A.B. asks: 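Below is one structure. I have some questions about it.
In what follows, chains carry the letters A, B, and so on, assigned in the order in which the sequence lines appear, proteins first and then strands, with residues in each chain numbered from 1. None of the values given here were measured: they were computed from a predicted structure.
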Amino acid sequence: MRRQLLPALRMTIALIVLLGLAYPLAMTGVAQTLFRTKADGSLISRNGAVVGSSLIGQAFAAPQYFHPRPSAAGTNGYDATASGASNLGPTNPTLEQTVADRAKAYRTENGLPAGTPVPVDAVTASASGLDPAISVANADLQAPRVARARTMTVEQVLTLVKAHTASRPLGILGEPSVNVLELNLALDEAH
Amino acid sequence: MFDPAILRRAVGDAFRKLNPRQMWRNPVMFVVEVGSVLTTVLFFRDLGSATAANSAFTGLVSAWLWFTVLFANFAEAVAEGRGKAQADTLRKTRSETVAHVRTADGALVEKPSSQLAVGDLCVVRPGQLIPGDGEVVEGIASVDESAITGESAPVIRESGGDRSSVTGGTRVLSDEIVVRISSKPGESFLDRMIALVEGASRQKTPNEIALNILLAGLTIIFLLAVVSLQPFAMYSHAQQTITVLVALLVCLIPTTIGGLLSAIGIAGMDRLVQRNVLAMSGRAVEAAGDCSTLLLDKTGTITLGNRQAAEFLPLQGVSEEDLADAAQLSSLADETPEGRSIVVLAKERYGLRERELVGATLVAFTAQTRMSGVDLQAHDGVPARSIRKGATDSVRRWVTEQGGHVPDGLEPIVERISTSGGTPLVVADNTRVFGVIHLKDIVKSGIAERFEGLRKMGIRTVMITGDNPLTAAAIAKEAGVDDFLAEATPEDKMALIKKEQSGGFLVAMTGDGTNDAPALAQADVGVAMNTGTQAAKEAGNMVDLDSNPTKLIEIVEIGKQLLITRGSLTTFSIANDVAKYFAIIPAMFQDVFRPLRTLNVMHLANPHSAILSAVIFNALIIVALIPLALKGVKFRPLGAAAVLRRNLLIYGVGGVIAPFIGIKIIDVVISAAGVH
Amino acid sequence: MSAAAWAQVAIVVVALAVAAPLLGRYLARVYGGGAAPGDRIFGPVERLIYRVCGIDPEGEQHWKVYAYSLLAFSFVSLLILYAQVRLQGHLPLNPDHFKGMPPVLAFNTAVSFLTNTNWQNYAGESTAAQLTQMAGFAFHNFVSAAAGAAVGVALVRGLIRRRTGNLGNFWVDLTRTCTRVLLPIAIVGALFFVSQGVVQNFHAARTVTTVEGATQTLPGGPVASQEVIKEAGQNGGGPYNANSSHPFENPNPLSNGVQIFLILLIPFSFPFAYGRMVGDRKQGYVVVATMFVLWLGTSLAIMAFETAPSPVLAQAGASQAATATQSGGNMEGKEVRFGAASCGLFAGSTTGTSTGAVNCAHDSLTPLAGGTVLLNIMFGEVDPGGTGSGLYGMLVFALLAVFIAGLMVGRTPEYLGKKIQAAEMKLVVVYILAVPLAILTFSAASVLLKAALGSIFNPGPHGLSEVVYAFTSQANNNGSAFAGLNGNTTWYNITGGIAMLIGRFFLMIPVLAIAGSLARKQPVPPSAGTFPTGSKLFFGLLLGVVILVVGLTYFPVLALGPIVEHLVGHFHV
C-alpha cells in the first residue's frame with residue numbers, strides 16, 4: 001500500500017484543483033454572468049433597501065400581513081443561520097400539544113369558530129424552518145383578517161393571493177403555493 | 001432404507017454424537033446444543049423459585065431444544081447406518097489369511113497377509129483367498145468377487161492385458177495364479193472401501209464447506225439480531241427471559257439444513273454405493289452433478305457389446321435364401337455372438353433351422369486366415385461343399401486361390417455396408433461368392449431418450465470409438481450423441497478432455513485399460529471399471545464394481561440429485577423463518593404492547609404456547625425431512641429453468657407457508673393439552 | 001394519493017426510462033477499455049492528470065493493488081479533509097470567519113464525506129467555510145462516488161475476465177468517472193439549478209432588515225455547484241443544515257423533480273452498463289428490475305403513508321384532506337411548495353440510493369413511512385443504491401441468491417459461469433455481516449448507555465427508531481437522519497464514524513476480493529443446465545432474497561421501533 005501513497009497524494013491534489021477549485025469557480029463565473037440575481041439569492045428590495053429573499057420565508061405577526069407557517073429555525077423562527085425542522089416525532093405528545101395550541105391561536109386570530117379544522121400547513125413547522133410559502137387554503141382563511149386590517153375588500157385581497165400563487169410546474173410537480181413575502185409586499189404596494 | 005436394526009443403532013449414536021467436540025464441526029447445531037445446556041441450567045436454577053408455569057415452560061423449551069439436537073444427530077446416524085452395516089460385512093472378508101509367497105529361489109514361504117510387502121509374489125490356488133490387491137503375473141483363473149461386487153458369477157483374471165488386476169479378499173475358484181502384491185496392508189482396496197462406506201474418511205466437500213460458511217454467517221447474523229434485541233427490549237421496558245431469547249435464536253438459525261446437511265451428503269454417497277459405485281471422495285460426487293460433457297465408450301455404453309447380423313445381401317444370381325443357408329451353415333460352429341446372431345437371423349427370416357451336420361469339418365477362425373466356415377462331404381447325391389465367411393479381402397483371396405472369380409457386384413455392396421457403419425462378411429462356397437452378411441452395431445434400446453434427457457439438462461455426450469469416422473458418424477447419429485471421437489487413441493481422448501476443460505466444461509468418462517489411466521486422472525469424474533487394471537482404478541476417482549459403463553449417466557444424476565436436495569432444504573430452511581418471527585415476536589412483546597397482537601396472524605393461544613409451538617415445529621421438521629434428505633429430492637431430467645421453477649415453488653414458497661400451518665396445528669394441540 | 005402525485009411518479013419513471021439506458025450505454029464504453037465518446041475532449045485532460053500523478057494508464061492492477069490504491073487514496077484524502085475542517089479558520093475563502101471544527105466532529109465529518117455518507121452532525125450555514133464546502137465536501141462528493149463506481153466496475157470485470165488476477169486500473173477508473181461522467185452532469189446541472197434560484201456566490205452571509213423590522217441573516221456560498229454533485233453522486237451532504245428542503249438548495253418543485261431524477265439517474269444506469277459489459281443485456285435488466293421494484297414499492301408506500309392524515313395532527317385540529325386549495329397530509333417537517341407526495345417520492349429515492357439528502361424532516365414522518373425509509377436503507381443501498389455501489393451491492397445479493405437457490409438446479413452454484421465457492425462465500429458473508437454488526441452493536445450499546453440515551457429527542461419507540469436510524473444511515477453510508485437525535489456528541493461522532501468506515505471498506509474490500517477471485521476463474525459456458533440469471537424467475541428470486549435476508553435481520557428491531565409506534569399510535573411514556 002505504501003507504494004500507492006504517492007500517487008494517492010498527487011491524485012488528491014490534482015482532483016482538488018480540478019473539482020474542488022476550478023469547477024466551482026468556473027460555475028460561479030458563469031452563474032454570475034447569466035443569472036446574477038438568482039445566484040446572489042433572489043433578493044428583494046423596497047425603497048432601495050434589501051428586505052429579504054423571495055425564496056426565504058420571514059416572520060410576519062401583524063394582522064395586516066399574511067402569516068407564514070410556524071418555524072423551528074432558531075429560537076424565534078425564520079433564523080436563516082439555523083435552518084431546520086422541529087423533528088418532533090409523529091406520535092410525540094409535544095407535537096399534539098403544540099399543534100393543538102397553534103390551531104387554537106389560528107382560529108382566534110382569524111375569527112374561526114372553535115373546532116374548525118385548520119389547514120395543516122398553518123399549524124405545522126416546515127422542514128427548513130424557512131418555508132417561503134403557505135397553502136392557498138391557509139391564505140384564503142387569513143384573507144378576511146388581512147382585508148379587515150387594511151380596510152380592503154376580501155375580494156381585493158384574494159385577487160392578490162391568486163396573483164402570487166405559483167402553480168405546479170409542468171402541471172404535476174409539487175404543489176401550488178402562495179409566496180408570503182411577495183404577497184405581503186404586494187399588499188403594502190396596493191394599499 | 002429404514003431397517004429397524006439400523007434405526008436402533010442410530011438412536012444410540014444420536015446420543016453419542018452429543019459430544020461437544022464432535023458437535024463443533026457443525027456450527028449451527030453446536031449453537032443449539034449450547035442453547036440447550038443454557039436453558040437446562042436455567043430450568044434447574046429456577047426450579048422451586050420460579051412460578052410453576054414459567055418453570056414448566058423453561059423445562060419444555062429446554063427438552064425440545066435437546067430433541068432438536070438429537071433429531072439432527074439421529075438423521076446423520078441413520079444416513080451412516082447402512083454404510084456401517086455394509087462395512088461390517090466387508091470387514092469379515094478382510095480376515096487374516098495366509099499368503100504363500102514365492103521367494104527369489106522359487107521356494108514358497110507362508111506369511112500372514114498383514115505382513116505382505118509391495119512386490120511380493122504370492123501363489124494362490126483354487127479355494128484360497130487372494131491375500132492382497134495385485135496383478136496376475138502368471139496364469140489364468142476364475143475368481144469369485146462376490147464379496148466386493150455382490151455379483152455371484154465368477155470372473156476371469158489372467159496375466160497381461162486389461163484383466164490382470166485382482167482384489168484382496170476375493171477367492172480363486174479354479175486354476176493357479178501368481179499375484180504380484182501392489183498395495184501395502186491397511187491400504188488395500190478393501191480397506192479403502194470399508195472406510196468409504198463407513199464414512200470414516202468422510203471429508204466435507206467443497207460445496208458443503210461453502211454452504212457451511214453461509215450457514216455460519218446466517219447464524220452469526222441471527223445471534224446478533226437476538227443478542228441486540230435484549231437492550232432494545234429493555235429500552236422498551238419489555239425485558240425478555242434468556243429462555244425466550246434462546247428459543248428465538250434456535251428457531252431463526254438454519255437448523256433444518258444445518259441438521260440435515262451431513263445426512264444429505266452421506267446419503268448421496270450411499271446411493272452410489274447401492275448402485276455398486278465407489279466414489280473415492282465426496283468431491284467427485286459433486287463434480288458429477290456439475291459435469292457438462294460425458295465421454296462415453298461406444299461399446300458397452302451406447303451399443304450392445306457385439307455386432308449382430310442385420311441382413312443378407314446376395315450377389316446377382318444368388319437367392320437370398322441360398323445365401324442365408326450358406327451363412328447359417330458357415331456359422332453353426334461359430335460360438336461367437338456374431339456367429340450366433342447369423343444363425344438366429346437366418347432362422348427368423350427364412351425358417352432355416354439348425355441342423356446336425358453329418359461328415360462336416362468345422363473350420364475355426366484364425367488370425368491368419370481371418371475366416372471361418374465348414375467343409376461338407378458329398379453324400380446322397382449332394383456335392384461336397386466348402387463354405388467360408390470372413391473379411392472381404394480374405395474371402396476374395398481364398399476364392400481366387402480356389403480358381404474362382406470374384407464378381408464385380410461384390411464391391412458396391414461391401415462399400416455400402418462400410419459407409420453405413422456396418423461390417424461386411426463375405427460368404428463364399430468354393431469358387432462362388434454368394435453374397436454379404438451385414439453385421440451391425442446395435443444401439444441399446446432407450447439410450448437415445450437418455451441422451452435427450454441429458455441434453456435437456458445441458459449435458460453434452462461425446463461417443464468415443466476406435467471405429468473409422470464413417471462408421472462412428474452413423475452410430476452417433478442413430479444413438480443421438482452430440483459428438484463423437486473416431487479412431488480414438490488414448491492420446492486423442494486426453495486431448496479432447498483437455499480441450500473441453502479449457503473451455504470450462506467439466507468432463508466425466510469411464511475407462512478400464514492401463515492406457516486410459518492418464519485420461520481418467522485428468523477427467524473431473526473418472527469412473528474406472530472394476531474389471532480394469534490396477535492403474536486405471538487408481539487413476540479414476542470412482543470405481544464401478546459392476547463394470548457397467550452406462551452407469552456414468554446414473555452417476556451424474558445422483559450427483560445432481562444430491563445438490564438439488566441440499567439446495568432445496570437450504571431454501572426451505574431459510575424460508576421457514578418468516579412464520580417463526582410471526583409466532584415469536586408478538587408473543588415476546590404483546591404483554592407490553594397490546595396492539596402487537598395484530599401481528600399474531602396465526603392466532604396462537606398464548607405467548608408460551610406460541611414460542612413452544614415454534615420450537616417444537618423447528619425440531620419436528622428435522623424428523624419429518626429425514627426421509628427426503630436420505631432418499632433425495634425426486635430427480636427429473638429437465639432444463640435448469642424448469643427444475644428451478646418447480647423447486648422454488650415447492651421449497652421456497654412452500655417453505656414460507658408450511659410453518660404457518662405446522663405451528664398453528666402444534667399450538668392447537670398443546671393448548672388442548674393444557675400448556676400455559 | 002392524488003392524480004398529480006401519481007403523475008409525478010410517472011414523469012420520473014419515464015425520464016429515467018429514457019435516460020438511464022442511454023447513460024448506461026455510455027458508461028459501458030467509458031469503462032469498456034476501447035475508444036469512448038468524447039475522447040478528444042477528455043483525453044488531454046486525463047493524460048495531463050496521469051502525467052502529473054505519475055500513473056501509467058495502461059498498467060493493469062491485481063485486485064490487491066487495486067484495493068491498496070483505493071485505500072491509499074481514501075487515507076490521504078481523509079487526512080487532507082480532516083486538516084481542512086480543523087484548520088478552516090486559518091484558510092482563505094471563509095468570509096463568515098468560521099472556526100475549525102472540534103476533533104471528534106471533524107473526525108465524524110471527514111469520515112462522512114470520505115465514505116459518501118455525508119452524515120451531518122454539523123450545520124453547514126454556521127460551521128463550514130466556503131473553501132471547506134467546495135474543496136473539501138464537494139470534492140469528496142465527486143471522488144467518493146467515483147471510487148464507488150471504480151469498485152462496481154472492478155466487480156463487473158471480475159465477472160467477465162477469465163484466468164487473470166487483474167481488474168483494471170483504479171486511478172484510471174477514478175479519473176474517468178470524474179471527468180467523463182460526473183463533471184459533465186455537474187456542469188449542466190449546476191447551471192440549471194442556478195437558473196432556478198440556487199445560490200452560487202462567494203458572499204459572506206448578508207444581514208437584512210425584514211418587512212416587519214426584524215433582522216434576518218441570509219447565507220451565501222457556492223451552493224449550486226455542490227448541490228448538483230450532492231444528488232448526482234448520491235452524497236447528500238448539503239451546504240445547509242436543512243439540506244434539500246432549504247429554499248436556497250431546492251427552490252421550487254421543478255428543481256425538486258430534477259434533484260430526484262439526478263439522485264436516481266447514475267445508479268439506474270449502472271446495471272444497464274453492466275448488461276452491456278457482460279454481453280448479455282438481460283443480466284442487466286434483472287438487476288434494474290429488482291432495484292426498480294424495490295424503489296417504486298417503497299416510494300409509493302411512503303407517499304401513501306404521508307399523504308394520508310396523521311392521527312395525531314387530526315386529533316390536534318388540523319385539516320389534512322387533499323382539496324383544491326391544499327395538498328394536505330402530514331405536513332410537519334415538510335415544505336408547502338413540495339407537498340407530502342413529492343416529499344414521499346424524494347424520501348424513497350434518497351434512502352433507496354445512498355444519497356441521504358432530505359427535502360423533508362424524516363424524524364417527523366408517520367411511523368410506517370419512517371419505518372419504510374429505515375427499511376429502505378437497511379436493504380443496503382441497492383434500490384438503486386449509489387454510483388457503482390448500488391450495482392455491486394445488488395450483485396452481492398445475486399451471488400447470495402445464486403448460492404442459496406442455485407443448488408436446486410443440480411449444479412454447484414455459478415453466476416455468469418463463474419463458480420461460487422467457499423472463497424467467495426466467505427467474502428459474501430463478511431459483506432452481509434459487516435453492516436448489521438455495526439448497526440445492531442452500536443444501537444444496542446447506545447440504548448444501554450446513559451450518556452447516549454440523552455441524545456434521544458423523541459420519547460418511546462420513536463426514540464429507539466432515532467438511534468437505530470442513526471447507525472443504519474451511517475453504516476449504510478446514506479447520511480439522512482432522524483435529526484432529532486443529537487449526534488454531535490463524542491459517543492455518536494466516534495461510533496458513527498466507525499460505523500461509516502465499516503460500512504464503506506468492509507464492503508468494498510470484500511467486493512474487490514470477490515472480483516479478484518472471480519477474475520481468476522474459467523467460466524463454465526452456458527447451457528440448458530445453467531442456472532438462469534437473466535430470467536424473470538431470477539428477478540423474483542433476487543427480490544425475494546433481498547427482502548428475506550434484510551427482513552429477517554432487522555424484523556425484531558423494526559417491530560420494537562416503527563411497527564410498535566404505528567400500532568400503539570399515541571404513545572405516552
A.B. asks: At a heavy-atom separation under 4.5 Å, does A:Thr116 approach chain C through its side chain, its backbone, both, or neither?
C.D. replies: backbone

A.B. asks: With a 3.5 Å cut-off and no angle check, do the side chains of A:Ser135 and A:Glu175 form a donor-acceptor pair?
C.D. replies: no

A.B. asks: May I ask you to check whether C:Asn252 and C:Gln196 show a side-chain donor-acceptor distance below 3.5 Å?
C.D. replies: yes

A.B. asks: Heavy-atom distances under 4.5 Å only: say whether C:Leu174 touches chain A with side chain, backbone, both or neither.
C.D. replies: side chain

A.B. asks: Under a 3.5 Å threshold, yes or no: a donor from one side chain and an acceptor from the other, between C:His462 and A:Asn92?
C.D. replies: no

A.B. asks: Quick one: what part of A:Arg107 sits under 4.5 Å from any heavy atom of chain C, side chain, backbone, both or neither?
C.D. replies: side chain

A.B. asks: For A:Ile44, is it the side chain, the backbone, both or neither that has a heavy atom under 4.5 Å from a heavy atom of chain C?
C.D. replies: neither

A.B. asks: At a 4.5 Å cut-off on heavy atoms, which part of A:Arg36 comes close to chain C: side chain, backbone, both, or neither?
C.D. replies: neither

A.B. asks: Please state whether the side chain, the backbone, both or neither of A:Asp188 comes within less than 4.5 Å of a heavy atom of chain C.
C.D. replies: side chain

A.B. asks: Is it the side chain or the backbone of A:Leu6 that comes within 4.5 Å of chain C heavy atoms, both, or neither?
C.D. replies: neither

A.B. asks: Given a strict heavy-atom distance threshold of 4.5 Å, which part of A:Pro119 is in contact with chain C: side chain, backbone, both, or neither?
C.D. replies: both

A.B. asks: Using salt bridge (charged side-chain N to carboxylate O under 4.0 Å, His left out), reason through A:Glu109 and A:Arg145 one step at a time and then give a plain yes or no.
C.D. replies: CA-CA 8 Å; A:Glu109 205 171 67; A:Arg145 183 199 77 224; 3.6 Å; yes

A.B. asks: Ignoring hydrogens and angles, state whether a donor on the side chain of C:Ser245 or C:Glu335 is under 3.5 Å from an acceptor on the partner side chain.
C.D. replies: no

A.B. asks: So which part of A:Ile16 gets closer than 4.5 Å to some heavy atom of chain C, the side chain, the backbone, both or neither?
C.D. replies: both

A.B. asks: Tell me, side chain or backbone of A:Leu34 under 4.5 Å from chain C's heavy atoms, or both, or neither?
C.D. replies: neither

A.B. asks: What part of A:Gln32 lies closer than 4.5 angstrom to a heavy atom of chain C: side chain, backbone, both or neither?
C.D. replies: side chain

A.B. asks: Need one label for A:Ala73: side chain, backbone, both or neither, based on atoms under 4.5 Å from any heavy atom in chain C.
C.D. replies: neither

A.B. asks: Between the side chains of C:Asn330 and C:Gln320, does any donor sit under 3.5 Å from an acceptor?
C.D. replies: no

A.B. asks: For A:Ala103, is it the side chain, the backbone, both, or neither that has a heavy atom closer than 4.5 Å to a heavy atom of chain C?
C.D. replies: side chain

A.B. asks: Taking side chain as everything from C-beta outward and backbone as N, CA, C, O, which of these in C:Leu71 sits under 4.5 Å from a heavy atom of chain A? Side chain, backbone, both or neither.
C.D. replies: both

A.B. asks: For A:Ala62, is it the side chain, the backbone, both or neither that has a heavy atom under 4.5 Å from a heavy atom of chain C?
C.D. replies: both

A.B. asks: Which bit of A:Tyr23 comes within less than 4.5 Å of chain C, counting heavy atoms only: side chain, backbone, both or neither?
C.D. replies: side chain

A.B. asks: Which of the residues C:Leu93, C:Val223, C:Asp363 is involved in the greatest number of heavy-atom pairs with chain A at under 4.5 angstrom?
C.D. replies: C:Asp363

